[in-house]
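Let me begin by presenting the structure, written as structure tokens, before commenting on it.
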Number of protein chains: 2
Amino acid sequence: MTAFRWRAQARSGHARAGYLDTAHGTVATPTFMPVGTVGTVKAMTMDAVRSTGAGIVLGNTYHLMLRPGAERVRALGGLHRFMDWPGPILTDSGGFQVMSLGPLRRLDADGVTFRSHIDGSEHRLTPERSTDIQHALDATISMCFDECPALPAPAEAIARSMRMSMRWAERCRAAFVPRPGYAQYGIIQGGTEPELRAESVRALTDIGFEGYAIGGLAVGEGQELMFSTLDVTVGLIPDDAPRYLMGVGTPDDLLGAVERGVDMFDCVMPTRAGRTARAYTERGTLNMRNARHATDSRPISPHCDCPACSRHSRAYLHHLFRTNEILGPMLLTWHNLSYYQRLMRGIRAAIVDGTLPEHAAHLRAQWAMEDWSPDEMPFPDIPPVP
Amino acid sequence: MTAFRWRAQARSGHARAGYLDTAHGTVATPTFMPVGTVGTVKAMTMDAVRSTGAGIVLGNTYHLMLRPGAERVRALGGLHRFMDWPGPILTDSGGFQVMSLGPLRRLDADGVTFRSHIDGSEHRLTPERSTDIQHALDATISMCFDECPALPAPAEAIARSMRMSMRWAERCRAAFVPRPGYAQYGIIQGGTEPELRAESVRALTDIGFEGYAIGGLAVGEGQELMFSTLDVTVGLIPDDAPRYLMGVGTPDDLLGAVERGVDMFDCVMPTRAGRTARAYTERGTLNMRNARHATDSRPISPHCDCPACSRHSRAYLHHLFRTNEILGPMLLTWHNLSYYQRLMRGIRAAIVDGTLPEHAAHLRAQWAMEDWSPDEMPFPDIPPVP
């Protein structure tokens, strides 16, 4: 059986390229995990997800415990089989979603009682129950059940919440059933307070996990505070453990976080944007509903080999969103996930090649540019509209 | 350049297996054409459509003239390039859709003035304009612009309407620009009146078209009247011309019509059903929202190699529809189109093998059966839910 571990391949400053070995295969890091909340990466077949180069996907305890239920997924052979993804799956613990329920949830020292956002039925999650559910789902990587306070908040409230999450982390670890190639990650909390983050890292490393996540960021604090918090946190994590920044982010967020030593990411941005007509490109985003695309025979990006770009014009994508056709979200989600995976592959290759600073500067210069002008990028096959 | 023609390969009674040669490739007949109303087969990439075995798809003049507009499609390289379907495309003339607009349309001897169902803007279709639009779209097969009266209707009204459609057919033919490998089909009208159908066939064959469609059926008259109308109509069509039954139908409709000599079909049933959780199987249809599928680890059909059946359980499809996930319509449309294509391939092979009567009896016996019992059809990989 494969042991779960992260292996370094190359470094550039704090950035690392490596491999994550798991029971369900090896993933090159840094890596972006498409979000498959309820057992499907929205608007994508798993074949399509695979074709973008994704190596690991995310599932969600909160959503899957409500529908179809963890025990049902287990009975159907586990989440890998259920959703047709034989590769590694990381499951969120449900903590973040439950905390987001606001008045629908009641927190106590033992866990959280909440009402389903779907039918109002009452449910309870504790560190033990969340860990059990993730086991039932057969998650390759389980996450600790924690509390994630919204920022800004008083330091005292952040500290109290963090310490409760650390007590819960101990209970999660006790409930976790170790299996070769499987992992459980502790989640570092502490808001944007360096000393609280350090205390959280110490608490989690004392318990000992296969990997460490940075939680409680990208919750409204802004990129600068997020990066400065990473600056004081990531270096405290054991070097041989994988580091996962939860729920982040924009392409620029990913680049900055990789430069600070983060290995793993997840975010709904590329998939959600794909359903709302927003296309990621090397030169920023395009709103495909915009009328200027209506007669544009060029692909979204000249550098993309996804089906939206290799087979269709911007005009076609515009048409699909204008007519509310399902194929619009299908193609644009495919494109956006392709962009995110290509971005991560490029960053990873630059770490390996020792050219990360130049590559990062190039990426940022491109993001600051306008969309390609028609002169710059003729569509290879289709004549421009007269 | 390829000439447009239909070539017989084998016959069984009135049924024919053959090949349709076109400027955009050859299609084996009898064939079912997936409906791509507005330049997309709903919830499918064209790669997926191809993978089901479809050889020709349908587009719609009415929808495409409104969005994105025929001239825009022409400027973007034609409908084949726009929607990424290099194979043959048949376009409906818009007649059926415009007639369905009810109070939004005004019919005169020259054509129809109507208001768009989208924004109320006023448009006009005439035999000439419909033919021009289909040329602009670069349709492989253009259809005549006709009137299709709802049934039942007085014989006199049907006759008047049919005769106007025949005058329009002359104008359509005059407006059609012949090109090698392209075709225009005349549409036989006349309701369920044998003598009106015969008159219509005579009028159209006097004009002379590359193919002939039977229109004005499947509009509420019932299968028995539809079949008896085919019985008295199809045999009047020149034997060397392809015969297309418009807007039909259920698997049972297709089988009966092939037995009566029809070569081509289109219908929204498999795609629409795919979006509304209805799965076609060899033993009738299943409603995937039904709770009995929630724990069923078997595929929809043991005979289907589509991604829904080869990779997923009924339980997963049920879950996707219950959670309103886009992947539900995507997978089930794929499955239903796979079923329709497999059905047509099987019928065609039986004609070629000389076993159509036995094959048809087998199909009908299967349709009359209940869903497979769990004993009959174990899921090959997934253990049954305890």
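Each chain gets a letter, A, B and so on, in the order the sequences are listed, and its residues count up from 1.
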If we define contacts as heavy-atom pairs under 4.5 Å, which of [options] has the most with chain A?
| options | result |
| --- | --- |
| B/Met46, B/Arg322, B/Arg74 | B/Arg322 |
| B/Ile118, B/Leu320, B/Ile326, B/Val41 | B/Ile326 |
| B/Met330, B/His318, B/His63, B/His319 | B/His319 |

For [X], which atoms come within 4.5 Å of any heavy atom of chain A: side chain, backbone, both, or neither?
| X | result |
| --- | --- |
| B/Arg275 | side chain |
| B/Thr45 | both |
| B/Ala294 | both |

Approximate separation, where rounding is to 0.5 Å, of [X] [atom1] and [Y] [atom2]:
| X | Y | atom1 | atom2 | answer |
| --- | --- | --- | --- | --- |
| B/Leu104 | B/His117 | CG | NE2 | 10.0 Å |
| A/Phe96 | A/Leu101 | CZ | CG | 11.0 Å |
| A/Asp92 | A/Leu64 | CG | CG | 10.5 Å |

Looking at B/Arg50 and B/Asp47, is any side-chain nitrogen of the basic one under 4.0 Å from a carboxylate oxygen of the acidic one?
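Yes, charged N to carboxylate O under 4.0 Å.
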What's the verdict on side-chain contact (heavy atoms from CB on, under 4.5 Å) for B/Tyr316 and A/Thr40, showing C-alpha distance, side-chain angles and the deciding distance?
CA-CA 10 Å; B/Tyr316 185 65; A/Thr40 156; 3.6 Å; yes
Can you tell which part of A/Met44 gets under 4.5 Å to a heavy atom of chain B, answering side chain, backbone, both or neither?
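Just its backbone gets close to chain B.
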Side chain, backbone, both or neither: which part of A/Pro68 has a non-hydrogen atom closer than 4.5 Å to chain B?
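Its backbone and side chain both get close to chain B.
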Is the A/Tyr182-A/His24 ring centre distance short of 6.0 angstrom?
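Yes, they do, as the ring centres are separated by less than 6.0 Å.
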